[in-house]
Amino acid sequence: MRARDLGIRLLGDTGPLNAITDVPGVEVGYTTLVEGDAVRTGVTAVLPRGRSGVDVPCTAGWYSLNGNGEMTGTTMISEAGQLRMPVLITNTHAVGPCHRGVVDWVAREHPEVAAQWLLPVVAETWDGYLNDINGPHVRPEHAVAAIEDARPGPVAEGSLGGGTGMNCYAFKGGNGTSSRVVRYERETYTVGVFLQANFGGRRELVVAGVPVGEALTDDNPIEDGDWKNPPGAGSVIVVVATDAPLLPGQCAALARRVPLGLARTGTTGSHFSGDIFLAFSTGNGGSMTPSAFSEGELGYDQVRHLPWSRLDDFFAAVVYATEEAVLNALVAGRDMTGRDGRRSPGLPLDRVAELVKR
């Protein structure tokens, strides 16, 4: 079930799958770790050009609303405006093994790329309420498995991969995705969003403009139980993809619109939430130098891009797709019990549908 299945009215025209994989070439894969009473974690991989395209850069940009989190590789994205590695998302204390896993996979599958240097992008949100986050449960081979699992097509949402142990608005959170179609002249482009939702306080929650959080304050073990976490703590990582040809600065401008979509679901941006966003464009695949080192004759990269003055529809697409991706993550959530018997309740779908309808 997804947000639209509840009759929730959301803005914008979606792609056929209403997922980040509506952007041609983008693939998503998972490794999910649910073991015993205390392991509730995993790894998510987002591949901009699939497993075969890691040597072809995308233009890219990023933005941090609040830096109480981590996304590796961002200094090079700021420097060169390019991204070509798989993007991995996991829990806060598993960034290291996932980073190693990307290196291992690229060295095995694309040794000519690994022979230069690798600056993988690995991001995190904190799953220590449900998961034994300090245990060495996520290993490099799990990152490799997530990359190998990456596929185009429908994207599973909710509690799997890096989103397995995450919470959102003090309900069960996790992964969500959505897309929007943007028409430009005689062309049609897609903007896709994928996020790992682990943020927001219960009373903040807004669904389709309706402040439902105040009516759902019962059954709130995350904020009312023995685990005293500040409301709104946790983090959110958002990946924005598009096949529209964009400059790096324009990708960063898309990333800066993500908070507007998050705010439509109610969050006010807690200090205890690391909110970091990455945007990339696959629209210049045939005209950018694959290798990090120039070889042979000197030449030029040719980067085609939309005019800055024509980006408003793409900004709106990011905002609306981000809002819907959060709601999809919440709707997909189911009750989960983890370490020390802690429970994260799923969103009460019937009650939310009735509140929005009224």
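The figures that follow rest on heavy atoms only: side chains count, while hydrogens, waters and symmetry mates do not. Throughout, residue positions are numbered sequentially from 1 according to the sequence presented.
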By ring-ring contact (aromatic ring centres under 6.0 Å, His included), His110 pairs with (sequence neighbours left out) Trp105
Exercise. Ignoring hydrogens and angles, tell me if any N or O in the side chain of Asp243 forms a donor-acceptor pair with the backbone of Thr190 under 3.5 Å.
Key: yes
Output for pair (Ser273 OG, Asn198 CG), nearest 0.5 Å, gives 7.5 Å
Residue pair Val331 / Leu6, side-chain heavy-atom distance below 4.5 Å:
yes
Looking at side-chain heavy atoms only, is the closest gap between Asp313 and Leu311 below 4.5 Å?
-> no
Result for salt bridge (charged side-chain N to carboxylate O under 4.0 Å, His left out) between Arg343 and one of Asp37, Asp224, Asp226, Asp219 points to Asp219
Taken to the nearest 0.5 Å, the spacing of Leu88 CG from Met71 CE works out to 11.5 Å
Smallest heavy-atom separation, Arg40 atom then Asn131 atom, equals N-OD1, 2.9 Å
inquiry  = Check for me, please, whether Leu278 and Val236 land in the same ILVMFWY cluster - side-chain distances under 4.5 Å, paths through other members count.
reply    = no
Exercise. Taking side chain as C-beta onward, heavy atoms only, is Val238 less than 4.5 Å from Phe194?
Worked result: no
Item checked: Side-chain (Ser281) to main-chain (Ala244) donor-acceptor, under 3.5 angstrom -> yes
Are Gln82 and Thr59 packed together at the side-chain level, in the sense that at least one heavy-atom pair is separated by less than 4.5 angstrom? no
dist Asn175:CG -> Ile237:CD1 (nearest 0.5 Å) comes out at 12.0 Å
Donor-acceptor contact present, side-chain Thr177 to main-chain Val193, <3.5 Å: yes
- Task: Give a yes or no on whether Tyr184 and Trp308 share a hydrophobic cluster (residues Ile, Leu, Val, Met, Phe, Trp, Tyr; joining criterion: side-chain heavy atoms under 4.5 Å apart).
- Result: yes
Quiz item: Got a donor-acceptor contact below 3.5 angstrom from the Trp62 side chain to the Thr74 backbone?
Solution: yes
In terms of hydrophobic clusters joined by side-chain contacts under 4.5 Å, are Val23 and Val46 together?
yes
Evaluate side-chain contact (heavy atoms from CB on, under 4.5 Å) for His305 paired with Leu246, printing each intermediate quantity in order.
-> CA-CA 5 Å; His305 66 91; Leu246 300 179; 5.5 Å; no
* To do: Answer yes or no: are there more than 12 heavy-atom neighbours, outside Glu79 itself, under 6.0 Å from its atom CD?
  => no
If Ile, Leu, Val, Met, Phe, Trp and Tyr residues are connected whenever their side-chain heavy atoms lie under 4.5 Å apart, and connections chain through other members, are Val43 and Leu33 in the same group? yes
Given the options Arg2, Arg9, Arg180, Glu324 meets salt bridge (charged side-chain N to carboxylate O under 4.0 Å, His left out) only with Arg180
Across all chains, not counting sequence neighbours, the ring-ring contact (aromatic ring centres under 6.0 Å, His included) partners of Phe199 are Tyr169
Taken to the nearest 0.5 Å, the spacing of Leu260 CG from Thr322 OG1 works out to 9.0 Å
Report task. Evaluate the side-chain proximity of Ser159 to Met336: yes if any heavy-atom separation is below 4.5 Å, no if none is. Result -> yes
*Before accepting this row, confirm whether a basic side-chain N of the pair Glu148/Arg108 lies closer than 4.0 Å to the acidic partner's carboxylate O.*
yes
Closest heavy-atom pair, Ser235 versus Gly274, reported as atoms and distance to 0.1 Å, is OG-N, 2.7 Å
> Between Lys172 (side chain) and Met166 (backbone), is there a donor-acceptor pair under 3.5 Å?
Replying inline: yes
- side-chain contact (heavy atoms from CB on, under 4.5 Å) assessment of Ile147 paired with Asp149: CA-CA 5 Å; Ile147 297 171; Asp149 182 65; over 6 Å; no
Quick check: does any side chain N or O of Arg257 sit under 3.5 Å from a backbone N or O of Ala253, one acting as donor and the other as acceptor? yes
Minimal heavy-atom distance between Leu47 and Pro86, with the atoms involved, is CD1-CB, 3.9 Å
Under the criterion side-chain hydrogen bond (donor to acceptor under 3.5 Å, both in side chains), I'd like the reasoning laid out for Ser344 against Asn167: C-alpha separation, chi angles, the key distance, then a yes or no.
CA-CA 7 Å; Ser344 178; Asn167 307 292; 2.6 Å; yes
Would you please test Thr268 and Glu204 for side-chain hydrogen bond (donor to acceptor under 3.5 Å, both in side chains) and show each step? CA-CA 8 Å; Thr268 53; Glu204 292 180 317; 2.6 Å; yes
Report task. Could you tell me whether the side chain of Arg49 and the main chain of Pro57 form a donor-acceptor pair under 3.5 Å? Result -> yes
Checklist entry - Would a distance-only check, ignoring hydrogens and angles, find a side-chain to backbone donor-acceptor pair under 3.5 Å from Tyr189 to Phe314? => result no
**Study point:** Side-chain donor or acceptor of Asn68 paired with backbone N/O of His271 under 3.5 Å
**Key:** yes
Exercise. Would you say Thr44 and Thr90 make side-chain contact, with heavy atoms under 4.5 Å?
Worked result: no
Taking side chain as C-beta onward, heavy atoms only, is Thr265 less than 4.5 Å from Glu323?
yes
Heavy-atom closest pair (Val103 atom, Leu118 atom, distance to 0.1 Å) is CA-CD1, 3.9 Å
**Request:** Indicate yes or no for a side-chain donor-acceptor contact from Thr267 to the backbone of Ala263 under 3.5 Å, with no hydrogens or angles considered.
**Result:** no
Using the rule that Ile, Leu, Val, Met, Phe, Trp and Tyr join whenever any side-chain heavy atoms are under 4.5 Å apart, tell me whether Val95 and Val39 fall into a single cluster. yes
*Kindly determine whether Leu216 and Val352 satisfy side-chain contact (heavy atoms from CB on, under 4.5 Å), including the steps that lead there.*
CA-CA 9 Å; Leu216 300 173; Val352 169; 3.9 Å; yes
Original post:
Quick one: are Pro48 and Leu83 in side-chain contact, heavy atoms under 4.5 Å?
Top reply: yes
Minimal heavy-atom distance between Ser270 and Gly232, with the atoms involved, is CB-O, 3.4 Å
Separation between CG (Leu10) and CG (Asp13), nearest 0.5 Å, reads 12.0 Å
Residues Glu214 and Arg203 bridged, charged N to O under 4.0 Å
yes
Looking only at heavy atoms, the pair that brings Asp127 and Gly165 closest together is CB-O, 3.6 Å
* Should the heavy atoms of other residues, nucleotides or ligands under 6.0 Å from CZ of Phe315 be counted, would the total exceed 12? -> yes
Hey, is Asp218 close enough to Arg351 for a salt bridge, meaning N to O under 4.0 Å?
-> yes
Interatomic distance, CD@Glu27 vs CD1@Ile20, rounded to 0.5 Å, equals 11.5 Å
Taking it one step at a time, do Val326 and Cys168 satisfy side-chain contact (heavy atoms from CB on, under 4.5 Å)?
-> CA-CA 9 Å; Val326 173; Cys168 186; 4.2 Å; yes
- Give a yes/no verdict on a cation-pi contact between Arg339 and Tyr129, requiring under 6.0 Å between NZ or CZ and the six-membered ring centre and an angle within 45° of the axis. no
Per side-chain hydrogen bond (donor to acceptor under 3.5 Å, both in side chains), Gln196 is matched among Thr125, Thr164, Asn91 by Thr125
